[in-house]
Student: 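Just passing along the structure, written as structure tokens.
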Amino acid sequence: MELSTQYNAKEAEKNHYKRWEESGFFTPEINDDEDAETYSIVIPPPNVTGSLHMGHALQHTIMDVLARRKRMLGFRTLFLPGIDHAGISTQLMVTRQLKDEENKTPQDIGREAFTEKVWEWKHKYGGTILNQIRREGISVDWSREAFTMDENLSTAVRNVFVRLYEEGNIYRGARIVNWCPNDETVLSDLEVEDKEKKDGKLYYLQYPIKDGEQSSVSGEQSEDKGGNPTVMEGVGSVSSEQLAGSSGSEKAGRSPKVSEGVRYLTVATTRPETMLGDTAVAVNPNDERFKDLIGKTVELPLTNREIPIIADEYVDMEFGTGAVKITPAHDPNDYEMGLRHNLSQLNVMNLDGTMNHDAGEDFNGLDRYKGRKLVIEKFEELNLLEKIDDYEMVLPVCERCKTVIETLISEQWWVKMDEMRDMALELKRETDYPRFTPHNPHTKVYTDWLENLRDWTISRQLWWGHQIPAWYDEQGKVYVAKNREEAIKFAGTSKLTQDEDVLDTWFSSWLWSFSTLGWDGETVQSPRSKVQSQDENSSTLDFGLRTQDLNAFHPTNVIVTAREIIFLWVSRMVMAALKFVGERPFDDVYITGTVLDENGLRMSKSKGNGVDPLEVFDKYGVDATRMTLAGSATGANFAWRDEKVESYRNFANKIWNATRFCLMNAEGAKVDPGSIGICRNPHDSKGVIEDNYRNPHDSRAVIEDNCRNPNDSKGVVDGLPISDRWIISRLNKTAKHVNEALDKYAFHVAVDKLYHFFWDDFCDWYIELVKDEISSASNEQSAVSSKTEEKGGNPTVMEGTESSQIEARTRIITILEQSLRLLHPFMPYLTEELWQKLPNTNADLHNAAYRSADPTIMLADFPVGDESLIDEKAESEMQLIFELITKIRNIRAEMQIKPSDKISVHIAANDKIHKIFHENEAQILKLARANKIIIAGGLDVPDASAKGVLTNGAEIAIPLEGLIDFPKERERLQNQINKLVEEGERLSKQLSNENFVSKAPAEKVEAVRERVAEIETQTKTLNENLESLK
RNA sequence: GGGCAUAUAUGUCAAUUGGUAGACAGCCUCCCUUACAAGGAGGAAGUUGGAGGUUCGAGUCCUUCUAUGCCCACCA
């Protein structure tokens, strides 16, 4: 089979996804094993308006690695995809489109037509992100794809709403809320973000005190712009009319006539326009400056109102002037204080961010910022503006449109979270659930947040979303019901109008773990459920079917998401699942790090520094990208580097070429796990193999002969050459490590182990070691083999026949195939592409649960690593051989011996080492590019030789007649001696420390002693060598 | 203001329960050796942010300082 010399990722990507999907490999139904354990992950639904970014790619890779491995292990695996209707984002998107295309607003076309438009938009563009997700190669079950506005998910939402309402956990009430004047909707606290404003101002406003006395009571002595104490200047008196400011403009430029007797209370504010809604001024009760004022009133300028001066501990004496204007209708803290002091709430703003009628005639209809300007102008005219300070501050803005939000009082629907919060907290306390990876800092963040949880505003003034299932009769009485018919029944009239608002998008997402599995709330033990399910026959049927999913796959095993979603989603999912299905939504929570740009900055649209995963896929391939993401995923943030992907692209190419090499030398060979002692499913004793299919071409006979029971595996391997025992040991050890790592969500560890096993062990050493033996042009090689035999080489190699070559080929290709399986969860496309090309890869290699499926590596049994095949002796012996070869190469390089120059190598070693080297002489000769190797008890070489010593004390020498550069060789030896001496001194010092010897573990002390002894031997030998050169 | 994280080679990052620091990229030397130049062989490069402490032994544990980043709450 001819393969190109370079791996073409795009080609492989094109070849497999469709087939995987169409063959049903992604569905849990592919699993034939009735008793299989299940494994499930639901994907965090991306916004329907979204497009794929690196954060998604990272999460999806993590989830897919987990799912693919579990599937290969025989778990009945469900990885469920879906999207979120994303209320505000989508509505904004379609509103914009409507504006662009038809120059209309949603109001112009009305609610029904608008939502129709949104659905159209969804059908047309909503699939964009899903197609991008396909490209990632993730093994999600598209037949179960969910959308938060799907019928049954919507039913679930309504049922949950009704239930909470009936329990008294949902209520409607006017309270202070975050309001986006641009989107004209309420926002939950979590949808508000902070934005720094460096050029903010702090305005100091003077409020005249009724029945005022002598002097200003500003927190500090205030001065006007000319440096004069403002209050002292005051002459005359200010009438209420003047203070109301209605005629202020005609007095521009003049000092207000302020009587000497008037005192002022100065307040500081960043939002002067809200003063129009002030209903009190507050001071700290302990503040000596204002003690006498408590209980008095001030004349509120620009209005005709007189408001009280109250005392509240909340006021910070240090900040501003120590006196605070209180606007209960436009500030959360003031709102609270208003409740405490029974203050009236005066709303001075409209919902679009303009001032309203109650702000006064001059302000009515003005934009809030113009209102602010005007307030300041008027205060200036009245000479009541004490000063304006520059003030850096943080403004709350709408997460979506970045408009500065207003806080105002509005009638909304709320969920009381107390009961659900307590359920979640109790579970956390008692069982430390959920288990976060990484454990820090998320566990604490989660708990702290829950402890301070407040009621959740769930209504949104939008049209796109789940309309609130509440109806009002003509008297305005509310009926919460599953549907209109039921509401009519409750109300006794059909003259009902449904609440205009929709629910917060998260009110559907928090049900995601179970609503996607078919739960629609009909099973809730509520009085209405039975009646309803009879009404809707079809949904009852669906319900039955889907309940199977719920039973099988809920709780899900793990949720993988970003840390900013912990509050929005993770914690709410915990609460919802506990509350509505009485169980946990998932076992583990894996929080990924953030992918940053190459400068370590957050990627963002506004900065334009985002890296588009699709471009990276095009450039380096999906598999290389997945390796990069998985290889970096420790939960820590990491800076994106193209170089990193490039190295995994190279790795993919390495795998491609290693396979290419094996295939070039595969004649007569076939993949056969038994040949390397790997038992087919050790846990597969239910006779699935026997019953399924038998045909003369399958290799099962061989496999079964080799491996009737797991205990035989060792027997198969015992007779093999050391290089095979070594690589088999490495393979199994790697498999073990990979599994352990993935069980702990240590993806980068798994990637690292796989990378080095494949590249270093398999390619750099194993292929080179067996190259001659398996190579097609093996005639001359077998000559080398037989030479080895004569010297008493390994009996297995001795056969030197065609059949031994085929066996060797079978082994290497089997080891390769096992490696591909291990790599598959990370690099699905490449591994499938190659697996399909290997000889004799068929469904028989599948995990027992999938024997009837079409052949695919996706369903192959995932290697778990067989302890009995881990051979430490073989590994350490091979290590000696590698050290020898490396040493010789090192000498060659440093003495600048040309690759084409053959050398002879003399080795002085003890019997044991002697034997090992002797048995592997052929490989040593080849890999060290030597033509002769002489192993003896001692060295008998000319002085003109380069020398070295191995860790175990064995000496090597390479005669270099006439070629040796004595000074250079002396320098080389001296360097080696220096390094050893340094290490030796350090260790000797340790040994001379009595405390170390007595307190450190005996093994540790012994190890140091051995090392010191080694160093002594090596140093001694090197010194002798050095002497002989003088 | 509160909480948390990070600081290791030139860069990006690793390093089980404390045992004396590794990978990849880059750099230097040599090699287009018939799987792969997206390759092979060899090599140089780190007082683990600073200062104390615990310990026989600290990148790892404790204290403190410095720098950076994130989250939460927000003083009007």
Side-chain angles (χ1 to χ4, degrees), chain A residues 3 5-7 189 194 202-203 267-271 274 282 314-316 318-327 331-334 391 393-394 396 438 440-442 444-445 448-449 452 563-564 566-567 593-594 596 598 600-602 620 624 631-632 634-644 646-665 740 744 746 748-749 752 755-756 763-764 767-768 771 775-777 885-886 889-894 896-900 927 929 983 986-987 990 993-1001 1003-1005 1007-1008:
Chain A
L3 297 185
T5 60
Q6 287 197 354
Y7 168 53
D189 292 344
D194 291 339
L202 190 58
Y203 303 89
V267 296
T269 181
T270 53
R271 296 185 299 157
T274 62
Y314 164 80
V315 178
D316 181 352
E318 306 300 316
F319 189 85
T321 63
V324 191
K325 61 186 277 302
I326 302 301
T327 324
D331 182 280
N333 293 311
D334 293 4
Y391 184 62
M393 58 183 176
V394 178
N440 281 325
H442 308 302
K444 191 174 155 43
V445 166
D448 287 354
W449 185 78
N452 296 305
R563 78 191 87 195
E564 57 264 30
I566 294 177
F567 306 142
T594 310
L596 307 170
E598 57 180 359
L601 299 171
R602 248 191 142 69
Y620 301 105
S632 310
T634 54
N637 298 349
F638 64 98
W640 183 263
R641 294 252 134 198
D642 268 8
E643 290 94 317
K644 226 179 279 182
E646 206 173 308
S647 79
Y648 286 114
R649 189 264 324 256
N650 294 352
F651 180 55
N653 196 50
K654 190 75 180 174
I655 297 168
W656 177 265
N657 276 294
T659 307
R660 184 166 159 259
F661 171 79
C662 290
L663 289 174
M664 284 165 69
N665 300 291
E740 285 167 356
K744 288 188 292 191
H748 65 294
V749 173
D752 188 68
Y755 184 96
H756 290 292
C763 293
D764 286 351
I767 289 186
E768 296 304 328
K771 198 174 246 180
S775 200
S776 304
I885 293 168
T886 304
R889 285 170 172 173
N890 177 300
I891 291 171
R892 290 190 70 116
E894 292 194 19
Q896 295 182 326
I897 299 164
K898 285 191 198 131
S900 51
L927 298 185
R929 307 192 133 263
E983 189 190 348
R986 199 185 70 226
L987 294 176
Q990 228 177 346
N993 182 336
E994 268 182 46
N995 280 324
F996 174 70
V997 179
S998 59
K999 289 185 184 171
E1003 299 159 5
K1004 189 70 206 167
V1005 178
V1008 173

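Keep in mind that what you see is a predicted model, and the values were worked out from it rather than measured. All chains are named by letter (A, B, ...) in the order of the sequence lines, taking the proteins before the strands, and each is independently numbered beginning at 1.
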Student: Considering only the C1' atoms, how many Å lie between B/C70 and B/C30, rounded to the nearest integer?
Tutor: 48 Å
Student: What is the separation between atom CZ on A/Phe661 and atom P on B/C36, rounded to the nearest whole Å?
Tutor: 10 Å
Student: Between B/A45 and B/G2, how far apart are the two C1' atoms, rounded to whole Å?
Tutor: 43 Å
Student: Select from A/Asp334 and A/Cys763 the residue whose nearest nucleotide in RNA chain B is closer to the 5' end of that strand.
Tutor: A/Cys763
Student: In whole angstrom, give the distance that lies between atom CD1 of A/Ile326 and atom P of B/A76.
Tutor: 12 Å
Student: Write down the partner of B/C4 under the Watson-Crick or G-U wobble criteria, each distance required to be under 3.5 Å.
Tutor: B/G69
Student: Taking the side chain as every heavy atom from C-beta outward, state whether A/Leu601 and A/Leu596 have any pair of such atoms under 4.5 Å apart.
Tutor: no
Student: Between A/Pro332 and A/Thr659, which residue's closest nucleotide on RNA chain B lies nearer the 5′ terminus?
Tutor: A/Thr659
Student: Please state how far atom CZ in A/Arg563 lies from atom P in B/C70, giving the value in whole angstrom units.
Tutor: 10 Å
Student: Taking CG from A/Asn665 and C1' from B/U34, how many angstroms apart are they, rounded to a whole number?
Tutor: 11 Å
Student: Any idea which of B/A76, B/C74, B/A25 is nearest the A/Ser647 side chain?
Tutor: B/A25
Student: Using atom P of each nucleotide, how far apart are B/U6 and B/G42 to the nearest Å?
Tutor: 36 Å
Student: Using a heavy-atom cut-off of 4.0 Å across all strands, would you classify A/Arg271 as base, sugar-phosphate, or nothing?
Tutor: nothing
Student: Any side-chain to backbone donor/acceptor pair from A/Arg660 onto A/Tyr7? Under 3.5 Å, distance only.
Tutor: no
Student: Remember a base hit wins even if backbone is also touched, and classify A/Gln6 as base, sugar-phosphate or nothing at under 4.0 Å, heavy atoms.
Tutor: base
Student: Is there a side-chain contact between A/Trp656 and A/Gln6, using heavy atoms and a 4.5 Å cut-off?
Tutor: no
Student: Do any N or O atoms from the side chain of A/Asp752 and from the backbone of A/Gly631 form a donor-acceptor pair under 3.5 angstrom?
Tutor: no
Student: May I have the distance from A/Phe651 (atom CZ) to B/G39 (atom P), rounded to whole angstrom?
Tutor: 12 Å
Student: Please state how far atom CG in A/Leu663 lies from atom C1' in B/A35, giving the value in whole angstrom units.
Tutor: 10 Å
Student: What interatomic distance, in whole Å, is found between C1' of B/A14 and the corresponding atom of B/C72?
Tutor: 31 Å
Student: Applying side-chain contact (heavy atoms from CB on, under 4.5 Å) to A/Arg271 and A/Asp331, what does each step give before you reach the verdict?
Tutor: CA-CA 10 Å; A/Arg271 296 185 299 157; A/Asp331 182 280; 3.6 Å; yes
Student: Tell me the interatomic distance from A/Arg602, atom CZ, to B/G69, atom C1', rounded to whole angstroms.
Tutor: 10 Å
Student: Tell me what A/Val324 touches on the nucleic acid: a base, only sugar-phosphate, or nothing, going by heavy atoms under 4.0 Å.
Tutor: base
Student: Walk me through it: do A/Phe651 and A/Tyr755 pass the test side-chain contact (heavy atoms from CB on, under 4.5 Å)?
Tutor: CA-CA 8 Å; A/Phe651 180 55; A/Tyr755 184 96; 3.7 Å; yes
Student: Taking the P atom of each, how far is B/G1 from B/C65, in whole Å?
Tutor: 14 Å
Student: Name the nucleic acid region contacted by A/Arg889, choosing base, sugar-phosphate or nothing; use a 4.0 angstrom heavy-atom cut-off, strictly under.
Tutor: sugar-phosphate
Student: Using atom C1' of each nucleotide, how far apart are B/G52 and B/A38 to the nearest Å?
Tutor: 50 Å
Student: Can you tell if the side chain of A/Ile326 reaches within under 4.5 Å of the side chain of A/Tyr314, non-hydrogen atoms only?
Tutor: no
Student: A/Lys444 near the nucleic acid: base, sugar-phosphate alone, or nothing, with a heavy-atom cut-off under 4.0 Å?
Tutor: sugar-phosphate
Student: Considering only atom P, compute the distance from B/G49 to B/A9 and round it to an integer number of Å.
Tutor: 8 Å
Student: Which atoms of nucleotides 18-20 of chain B (N or O only) lie under 3.5 Å from a protein N or O atom, and what are those distances?
Tutor:
| unit_1 | atom_1 | unit_2 | atom_2 | d |
| --- | --- | --- | --- | --- |
| B/G19 | O2' | A/Lys1004 | NZ | 2.7 |
| B/U20 | O2' | A/Arg986 | NH2 | 2.9 |
| B/U20 | O4 | A/Gln990 | NE2 | 2.5 |

Student: Partner lookup for B/U47, please. Criteria are Watson-Crick or G-U wobble with both distances under 3.5 angstrom; report none if nothing qualifies.
Tutor: none
Student: Taking only side-chain nitrogens and oxygens of A/Tyr648, does any of them come within less than 4.0 Å of OP1 or OP2 of B/A25?
Tutor: no
Student: If we take the C1' atom in both B/A37 and B/G11, what is their distance in whole Å?
Tutor: 24 Å
Student: Which atoms of nucleotides 12-14 of chain B (N or O only) lie under 3.5 Å from a protein N or O atom, and what are those distances?
Tutor:
| unit_1 | atom_1 | unit_2 | atom_2 | d |
| --- | --- | --- | --- | --- |
| B/U12 | O2' | A/Lys644 | NZ | 2.8 |
| B/C13 | OP1 | A/Ala639 | N | 3.0 |
| B/A14 | OP1 | A/Thr634 | OG1 | 3.2 |

Student: Using a 6.0 Å distance limit plus a 45 degree cone around the ring axis, check whether A/Lys771 lies over the aromatic ring of A/Phe661.
Tutor: yes
Student: Scan A/Tyr391 against the nucleic acid and name what it touches under 4.0 Å (heavy atoms): base, sugar-phosphate only, or nothing.
Tutor: sugar-phosphate
Student: Less than 4.0 angstrom between a side-chain N/O of A/Lys654 and OP1 or OP2 of B/A35, yes or no?
Tutor: no
Student: Compare all side-chain heavy atoms of A/Leu3 with those of A/Leu663 and state whether any distance is below 4.5 angstrom.
Tutor: yes
Student: Taking only N and O in the side chain of A/Asn890, is any of them less than 4.0 Å away from OP1 or OP2 of B/G43?
Tutor: yes
Student: Kindly point out which of B/G42, B/A76, B/A35 is positioned nearest to the side chain of A/Val315?
Tutor: B/A76
Student: According to the Watson-Crick and G-U wobble definitions, with both distances under 3.5 Å, which nucleotide is paired to B/U10?
Tutor: B/A25
Student: Quick check against the 3.5 Å criterion: does A/Arg563 have a side-chain atom that pairs as donor or acceptor with the backbone of A/Gly593?
Tutor: no
Student: Across the strands shown, which category fits A/Asn993 at heavy-atom distances under 4.0 angstrom: base, sugar-phosphate, nothing?
Tutor: sugar-phosphate
Student: Taking all atoms of both residues into account, what is the closest heavy-atom pair of A/Ala658 and A/Cys763, and its distance?
Tutor: CB-SG, 3.8 Å
Student: Report the distance from atom CG of A/Asp189 to atom P of B/A73, rounded to the nearest whole Å.
Tutor: 7 Å
Student: With a 4.5 Å cut-off on side-chain heavy atoms, are A/Asp334 and A/Lys325 touching?
Tutor: no
Student: For A/Asp194, answer base if it contacts any base atom (sugar-phosphate contacts may also be present), sugar-phosphate if it contacts only those atoms, and nothing otherwise; contact means non-hydrogen atoms under 4.0 Å.
Tutor: base
Student: Between A/Asn650 and B/G39, does any side-chain N or O lie under 4.0 Å from OP1 or OP2?
Tutor: yes
Student: Output yes when a side-chain donor or acceptor of A/Arg929 lies under 3.5 Å from a complementary backbone atom of A/Arg892, and no otherwise.
Tutor: no
Student: So for A/Glu768 and B/A35, does any side-chain atom that can act as donor or acceptor lie under 3.5 Å from a complementary atom in the base?
Tutor: yes
Student: Which base sits across from B/A38 as a Watson-Crick or G-U pair, both distances under 3.5 Å?
Tutor: none
